[in-house]
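The structure appears right after this line, and notes come after that.
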Amino acid sequence: AREDRTTDGGTRFFSTRLRSMSRDRRKSVVETNHPRLGVARQCRMLGLCRSTFYYKTSGETPKNLALMKRLDEIFLDIPFFGARQMARMLRREGHWVNRKRIVRLMRKMGLEAVYRRPNTSRPHPEHKIFPYLLRDVAITRANQVWCADVTYIPMRRGFLYLVAIMDWHSRKVLSWQLSNSMEASFCVEALSDALARYGTPEIFNTDQGSQFTSAEFVGVLEKAGVRVSMDGRGRWVDNVMVERLWRSLKYENVYLNAYETGTEARKGIGAWIDFYNARRPHSSLDDLTPDEAYCGQPGPPVLQDRNTEAA
């Protein structure tokens, strides 16, 4: 026979849902001035210790920030180096570091050696993984496939994370956001902005990072009727074009400016992305800019090299 059971006012259901969030995300949910729930009660519901809520991280030391900047520079040139080789290279440059320290810094930066192997990404164990939909698919038009990626942005006294939403066919950056944490929320903001400005793609492809497998991110795509695709085993090459974007951005803008604040970084990176979309021609697009390729516009006439004409 069916029994009526207490729901505890929905407390148990919501507690279970909230406990699936990351620790930093749960800390951000606590309201110190809540009219009915004290901090201790909220922490119990979220599975947090009060000491965890009140603890403030001291941040990285200037030496570690310098090491992270150098790791980022090396990774752009040698993306197949893991922590062991990174530590060896840094020691050759005069930095007294061990592998354990480099593992921690690379993990904080979201860096992982790029080479063929299973399970190269780190999905959240409770998040759903979607199948890869782009095998043998010819991508020939704008808004057919979008993709996204996150990278580390070094600054003079800290660092930020940058997410970009890109149209696969045209290489156009549709939207981007900066954040001081790797939470999924800033990725969701970038995605929502791209959908509002450019409509919906047929397929959205990402790696299996926890930001992109989160219920919040996937929910926005499913609500918009977009088919979700995720890179699987042996598909690391699908991220190459976004990695080229990151390389160009860092060498042409970030490393040259050494931004002091998030406001400066947001302004400078935004100006560079506007330049990239509107004025930077791409050989893979027959020398069109991403804006021209996205809109299907012909580029300006290009004069042939005299040597080419003579041949």
Side-chain angles (χ1 to χ4, degrees), residues 110 130 133-134 137-153 160-179 182-209 211-214 216-231 238-250 252-254 265-299:
F130 289 80
L133 304 179
L134 302 182
V137 172
I139 302 171
T140 58
R141 60 189 182 279
N143 285 358
Q144 182 182 358
V145 179
W146 289 1
C147 56
D149 194 28
V150 175
T151 193
Y152 160 90
I153 300 294
L160 294 170
Y161 298 103
L162 171 66
V163 63
I165 310 294
M166 176 183 278
D167 177 69
W168 192 302
H169 170 69
S170 66
R171 311 296 197 265
K172 177 180 173 68
V173 178
L174 305 172
S175 181
W176 59 276
Q177 289 285 341
L178 284 169
S179 173
M182 289 280 275
E183 294 294 331
S185 57
F186 81 115
C187 298
V188 174
E189 289 177 15
L191 173 61
S192 300
D193 180 58
L195 291 171
R197 296 171 61 191
Y198 297 100
T200 56
E202 298 170 23
I203 298 173
F204 197 102
N205 187 77
T206 70
D207 61 25
Q208 296 180 15
Q211 298 85 6
F212 303 127
T213 60
S214 68
E216 297 92 339
F217 192 90
V218 172
V220 172
L221 291 170
E222 290 182 329
K223 184 177 180 180
V226 179
R227 298 166 64 198
V228 181
S229 169
M230 292 185 178
D231 297 342
D238 284 341
N239 216 31
V240 168
M241 59 187 173
V242 187
E243 293 296 339
R244 288 174 180 166
L245 170 72
W246 297 148
R247 181 184 178 89
S248 298
L249 168 66
K250 291 179 180 181
E252 297 175 12
N253 182 271
V254 175
R266 188 170 288 105
K267 182 178 179 181
I269 290 171
W272 185 90
I273 289 177
D274 288 343
F275 159 77
Y276 168 88
N277 279 336
R279 299 173 56 195
R280 200 176 192 276
H282 288 243
S283 59
S284 60
L285 301 175
D286 293 329
D287 290 340
L288 296 177
T289 67
D291 277 349
E292 290 167 346
Y294 182 82
C295 297
Q297 299 173 348

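The chain is numbered in sequence order, starting from 1.
- The closest side-chain heavy-atom distance from Glu183 to Tyr161 is not below 4.5 Å.
- Two residues are said to be in side-chain contact when any heavy atoms from C-beta on lie closer than 4.5 Å; Leu249 and Trp246 meet this criterion.
- Using a 4.5 Å heavy-atom threshold, the side chains of Val163 and Gln211 count as separate.
- Closest non-hydrogen pair, Gly199 versus Trp146, comes out as O-CH2, 3.2 Å.
- At distances below 3.5 Å, at least one donor-acceptor pair connects side-chain atoms of Gln144 with backbone N or O atoms of Ala138.
- Contact detail for Leu178 and Phe186: the closest heavy-atom pair is C-CD1, 4.1 Å.
- Residues passing the side chain to side chain contact (heavy atoms under 4.5 Å, CB included) test with Ala224 are Leu195, Thr200, Val226, sequence neighbours excluded.
- Considering only residues two or more places apart in sequence or on other chains, Glu252 meets the salt bridge (charged side-chain N to carboxylate O under 4.0 Å, His left out) condition with Arg280.
- Atom CG of Leu174 sits about 7.0 Å away from atom CG of Asn143, to the nearest 0.5 Å.
- Considering OH of Tyr294 and CZ of Arg171, their distance stands at 14.5 Å, rounded to 0.5 Å.
- The CZ atom of Phe204 sits 5.5 Å away from atom CG of Leu191, with the distance rounded to the nearest 0.5 Å.
- For the 3.5 Å distance criterion, the side chains of Trp168 and Asn205 fail to qualify, holding no donor opposite an acceptor.
- Between atom CE of residue Met166 and atom CG of residue Asp149 there is a gap of 9.5 Å, rounded to the nearest 0.5 Å.
- In this structure, Asp291 and Lys172 have side chains that are in contact, with non-hydrogen atoms separated by less than 4.5 Å.
- The two residues Leu160 and Ala265 have their closest heavy-atom pair at CD1-CB, 4.2 Å.
- Counting only heavy atoms from C-beta outward, the side chains of Ile165 and Tyr198 never approach each other to under 4.5 Å.
- At least one side-chain heavy atom of Tyr276 sits less than 4.5 Å from a side-chain heavy atom of Leu245.
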